[in-house]
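Worksheet: the structure to be examined is printed underneath.
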Amino acid sequence: MLAKPKSEAELLQRAQSLAGFSLGELAQREGFSIPKNLKREKGWGGQLIEWCLGASAGSKPIQDFPELGIELKTIPIDSQGKPLESTYVCITPLCQVTGLTWHSSNVYNKLSRVLWIPILAERQIPVEQRVVATPLLWSPSAAQEQLLREDWEELMDMIAFGQIEQITARHGQVLQLRPKAANNKARTDAIGPNGQIIQTLPRGYYLKTRFTAELLRQHFQL
DNA sequence: GGATGATCATCC
DNA sequence: GGATGATCATCC
């Protein structure tokens, strides 16, 4: 693995140097084996890019580059530059949520500064032929942060009031809550309708595609 | 089980 | 065709 980047500028420069390479070329260079598809290795591309950029956090619930305060996200796009998937942010706590605030949340922490690495990854393109595109170092605008905060506060309120089972992916303007588990039999503690502890499917926060499409568009087409 | 990395597969 | 709900690999 490469040494950790020492500055934001160095990280961005390194990310820019990946643009134009295919995942197959990078995998070969770094000694990664290449899966035929991502059905069984959904995180493969993200882990390859982490390796290429010297990310260090592993599976700890912190930013990928804690010293730089930067989170790394690969994002699959089509040839028009539109995201093909929503973007996973982090799991959500479902109990012991009193006292949590937006600024103390993992969502805020992870999204405060993100290095986006778009990858041309339409499903018909073989994995090794998918191409890394121009990176974008992003922080939410005041307006974007307001939307994120409103959604987060609404969803955390519902969780705190025992309404987790009423939440669907349709809630939220830009941020949504969806299952995040090995399968739909997974269970974790949550607050029930009468304040008791219940068992429910673990959920995670995701950025809706419309939101990431707009942020990419703003930076690449204006 | 819970955290990381996400995409898959089905439904509308 | 796009979004929702379901799922996969790995680490500890």
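Below, each value reflects all heavy atoms present in this structure, side chains not excepted, and no hydrogens, waters or symmetry copies. Since the model is a prediction, treat every value here as computed from it, not as a measurement.
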Min side-chain heavy-atom separation [X]-[Y] under 4.5 Å:
| X | Y | value |
| --- | --- | --- |
| A/Leu216 | A/Pro83 | yes |
| A/Ile117 | A/Leu18 | no |
| A/Ile119 | A/Pro76 | no |
| A/Leu148 | A/Trp102 | yes |
| A/Leu53 | A/Leu11 | yes |
| A/Gln144 | A/Trp138 | yes |
| A/Lys208 | A/Ser86 | no |

**Request:** Can you sort out which residues in residues 148-178 of chain A have a heavy atom within less than 4.0 Å of DNA chain C? Ascending by number, please.
**Result:**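 Only A/Thr168, A/Ala169, A/Arg170, A/Gln176, A/Arg178 qualify.
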**Item:** Close residues, residues 196-203 of chain A, relative to DNA chain C [heavy-atom separation under 4.0 Å]
**Value:**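 Only A/Leu201 qualify.
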For DNA chain B, determine which residues of [range] have any heavy atom closer than 4.0 angstrom to one of its atoms, and list them numerically.
| range | answer |
| --- | --- |
| residues 110-127 of chain A | A/Lys110, A/Arg123 |
| residues 74-86 of chain A | A/Thr74, A/Pro76, A/Glu85, A/Ser86 |
| residues 93-105 of chain A | none |

**Item:** Separation of A/Ile62 CD1 from A/Cys90 SG (nearest 0.5 Å)
**Value:**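 With rounding to 0.5 Å, SG (A/Cys90) is 13.5 Å from CD1 (A/Ile62).
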**Atom pair CD1 (A/Ile167) and CE (A/Met158), whose distance is rounded to the nearest 0.5 Å** =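 Going from CD1 on A/Ile167 over to CE on A/Met158, the span is 4.5 Å.
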Side chain to side chain contact (heavy atoms under 4.5 Å, CB included) partners of [X], counting only residues at least two apart:
| X | result |
| --- | --- |
| A/Lys180 | A/Tyr88, A/Ile91, A/Tyr206 |
| A/Ala181 | A/Ala186, A/Leu201, A/Pro202 |
| A/Ser79 | A/Leu120, A/Glu122 |

**Asked** Using the C1' atoms of the five pairs at each end, what is the angle between the end axes of the helix from B/dG1-C/dC12 to B/dC12-C/dG1, to 10°?
**Response**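 That helix gives 30° between its end axes.
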**Request:** Taking only Lys NZ, Arg NE, NH1 and NH2, and the carboxylate oxygens of Asp or Glu, determine whether A/Glu85 and A/Arg123 approach each other closer than 4.0 Å.
**Result:**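 Looking at A/Arg123 together with A/Glu85, the answer is yes, because their closest N to O distance falls below 4.0 Å.
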**Item:** Pairs meeting criterion salt bridge (Lys or Arg N to Asp or Glu O under 4.0 Å) with involvement of residues 127-149 of chain A, two or more places apart
**Value:**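 Applying salt bridge (Lys or Arg N to Asp or Glu O under 4.0 Å) to every pair that reaches into residues 127-149 of chain A, excluding sequence neighbours, yields A/Arg149-A/Glu153.
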**Prompt:** Are A/Val131 and A/Leu26 connected in a single hydrophobic cluster, I mean Ile/Leu/Val/Met/Phe/Trp/Tyr linked by side-chain heavy atoms less than 4.5 Å apart?
**Reply:**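 No, A/Leu26 does not connect to A/Val131 through the hydrophobic network.
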**Request:** Looking at every strand, decide which applies to A/Gly43 at a 4.0 Å heavy-atom threshold: base, sugar-phosphate, or nothing.
**Result:**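 Base contact.
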**Request:** Would you classify A/Ala181 as touching base, sugar-phosphate or nothing, given that sugar-phosphate means primed atoms plus P, OP1 and OP2, and contacts are heavy atoms under 4.0 Å?
**Result:**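 Result for A/Ala181 = base.
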A quick test of your reading: do over 12 heavy atoms of other residues, nucleotides or ligands sit less than 6.0 Å from [atom1] of [X]?
| X | atom1 | value |
| --- | --- | --- |
| A/Gln13 | CD | no |
| A/Arg187 | CZ | yes |
| A/Gln196 | CD | yes |

**Asked** 5' to 3' on DNA chain B, which nucleotides open and close the contacts with chain A (atom under 4.0 Å from a heavy atom)?
**Response**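 Counting from the 5' end, contacts occupy B/dG2 to B/dA9.
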**Request:** List in chain and number order the residues that pass ring pair (Phe, Tyr, Trp, His ring centres under 6.0 Å) with A/Phe21, two or more places apart in sequence or in another chain; answer none if no residue qualifies.
**Result:**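 Applying ring pair (Phe, Tyr, Trp, His ring centres under 6.0 Å) to A/Phe21 gives none.
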**Message:** Closest-nucleotide mapping onto DNA chain C: is A/Arg210 or A/Glu41 further toward the 5' terminus? I mean the 5' end.
**Reply:**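 The answer here is A/Arg210.
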**Message:** Applying salt bridge (charged side-chain N to carboxylate O under 4.0 Å, His left out) to A/Glu25 and A/Arg29, what does each step give before you reach the verdict?
**Reply:** CA-CA 6 Å; A/Glu25 289 170 327; A/Arg29 188 177 89 189; over 6 Å; no
